[in-house]
Amino acid sequence: MSRFEEAKEKYASIGVDVDKALDTLSKVRISMHCWQGDDVLGFDSDSLTGGIATTGNYPGKATNPDELMADISKAYSLIPGKHKLNLHASYRITDEKVDRDKIEPKHFSAWVDFAKQEGIGLDFNPTLFSHEKASENMTLSHPDKNIRDFWVEHCKASRKIADYFGKELGITALNNIWIPDGTKDVPGDRLTPRARLKESLDEIFTVKYDKQNIADAIEGKVFGIGVESYTVGSHEFYMNYAAKNNLMCLLDTGHYHPTEVVSDKISSMLLFNDQLALHVSRPVRWDSDHVIKLDDELKELAKELVACNALNHVFIGLDFFDASINRIAAWVIGMRNMQKALLLGLLTPNTQLSKMQDERNFTELLATMEELKTLPFGDIWDHFCEMMNVPVGKDWFKIVKEYEKDVLLKR
Ligand SMILES: C[C@H](O)[C@H](O)[C@@H](O)C(=O)CO
Ligand SMILES: [Mn+2]
């Protein structure tokens, strides 16, 4: 009997259908963020500014659309299944001199062609940073209406592009708005910027689209670089705005207080919202955007998504940007870790755990959760990689190193 068959039998003995788990996992599209490929620079600015930063200078980052597409394609070839690509507006591909408020679907047609070639979906984000009109850490809430209007137009243009992605690819595109607005030190007025933000968002969302093509999210944050004392778009602001306007409040795992975990928020959000959007990241002491590891919080977050039966109505996006390591490896490690965590959740006898809890059988609940940790999960994961025709174990790493030698280091 193969190791996989033996492992499958062990999981069957605790009531887990491995084939069903693998089939479910093979259909989960994870949104891989383009911005890990070039340290969030994009193609329309020459520096990353405005409340977001990367650290490290690992050689060979992508410097143009062709290089970025090649690196993304290489990463996908090492990741099981078909997924989505998460784009920012700053990655428009055009020879035109076009400012952010004037971008159009045609400026992203090359990405649609790439998506069709790769068999993936596309998600989108307006880019309200790395621009002279974002230099004061105020955009949609800026006191100057001209600046607010510029960013409102940019967000409107972005939603139109997301709708275009959804139409062209037949896969709903998430359009997620994050703004860097806030103050470095204690603000003199918390209310007025938030009232302006509400007004700007109200204007942005006046345009209605087919929800089959585009899903809208807004992303909160507790603090940022240069806005340590106050962020206009706080979690409370966006959770309320999203609930009242039937949008999604996107949860980024790096955007809360150090002892706060997103895994605990998922069931509450899903009780009141049909859909949920996530940015899965790894904060180290702050919103550091480290590559995600298969750690306890990632496993718990994934288990919650499975236990809440949410895999068909959650937008799982990754959001990290480590410039100190090979960027293709960063994508592969992060994407495969997200899949491993989801598989662990799918191999968990969640119904049994819930029953033990209701019966106040906390002793067996604890014992079961601990024993699950030593079941042969790795044999199931290796089989999944074989099924999906991607390298098993760390075999993908030498392929990345060859690509680094043959391609990246020659840039
Ligand atoms: C590049 C993304 O828009 C950015 O990381 C945002 O999602 C965020 O999390 C900012 O802290
Ligand atoms: Mn994020």
Side-chain angles (χ1 to χ4, degrees), residues 30-45 47-55 61-62 68 84-92 100 122-131 134 137 139-140 151 154-155 158-159 161-162 173-182 216-228 230-235 237-239 242 248-258 260 262 265 276-292 298 301 314-323 327 330-331 334 338:
I30 298 165
S31 193
M32 190 173 87
H33 51 311
C34 74
W35 51 91
Q36 166 63 67
D38 74 336
D39 306 343
V40 205
L41 183 59
F43 306 138
D44 72 351
S45 62
S47 62
L48 177 60
T49 59
I52 185 168
T54 59
T55 56
K61 76 178 176 183
L68 186 58
K84 299 178 89 174
L85 178 65
N86 204 351
L87 288 170
H88 247 281
S90 51
Y91 290 82
R92 89 267 192 280
R100 297 266 175 90
L122 289 175
D123 289 329
F124 202 57
N125 305 263
T127 308
L128 289 92
F129 52 86
S130 299
H131 189 283
N137 282 336
T139 58
L140 291 175
W151 290 116
H154 173 55
C155 290
S158 296
R159 294 186 69 228
I161 291 160
L174 178 73
N175 188 77
N176 175 54
I177 300 174
W178 170 71
I179 64 172
D181 297 32
D216 286 290
I218 42 186
E219 180 181 4
K221 189 164 185 174
V222 72
F223 86 97
I225 304 169
V227 290
E228 289 78 5
Y230 163 69
T231 51
V232 180
S234 65
H235 177 64
F237 177 97
Y238 285 131
M239 201 160 91
M248 281 180 281
C249 170
L250 182 140
L251 309 180
D252 182 308
T253 55
H255 286 190
Y256 301 91
H257 297 286
E260 225 180 323
V262 165
K265 300 179 190 294
L276 175 67
L278 297 171
H279 273 181
V280 187
S281 188
R282 178 165 59 98
V284 177
R285 305 209 190 289
W286 69 291
D287 181 29
S288 59
D289 292 297
H290 277 61
V291 177
I292 57 174
L298 184 65
L301 179 149
V314 61
F315 293 84
I316 303 174
L318 304 189
D319 186 14
F320 48 78
F321 23 99
D322 187 338
R327 296 167 183 82
W331 272 322
M338 188 69 244

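Order of appearance sets the numbers: ligands from 1, and atoms from 1 within every ligand.
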Using a threshold of 4.0 angstrom between heavy atoms of the protein and any atom of ligand 1, which residues qualify?
Trp35, Ile52, His88, Trp178, Glu219, Lys221, Asp252, His255, His279, Asp287, Asp319, Phe321

Residues forming a ring-ring contact (aromatic ring centres under 6.0 Å, His included) with Phe43, sequence neighbours excluded
Tyr91

Across all chains, not counting sequence neighbours, the side-chain contact (heavy atoms from CB on, under 4.5 Å) partners of Asp39 are Thr54, Lys61, Ala323, Arg327

Consider only side-chain N and O atoms of Asn86 and Trp35, and report whether a donor and an acceptor are under 3.5 Å apart.
no

Please round to the nearest 0.5 Å and tell me the distance separating atom CZ of Arg282 and atom CG of Asp322.
8.5 Å

What protein atoms of element N, O or S are positioned under 2.8 Å from the Mn ion (ligand 2)?
Glu219 OE2, Asp252 OD2, His279 ND1, Asp319 OD2

Polar contact flag, side-chain donor to acceptor under 3.5 angstrom, Ser281-Asp289
yes

With a 4.0 Å cut-off on N to O distance, would you call Asp44 and Arg100 a salt bridge?
yes

Distance from Leu250 atom CG to Asp216 atom CG, nearest 0.5 Å?
12.0 Å

Distance only, no hydrogens: is a donor on one side chain within 3.5 Å (strictly under) of an acceptor on the other, for Ser288 and His290?
yes

Option passing ring-ring contact (aromatic ring centres under 6.0 Å, His included) with His88 (candidates Phe321, Phe129, Trp178, Phe124):
Phe129

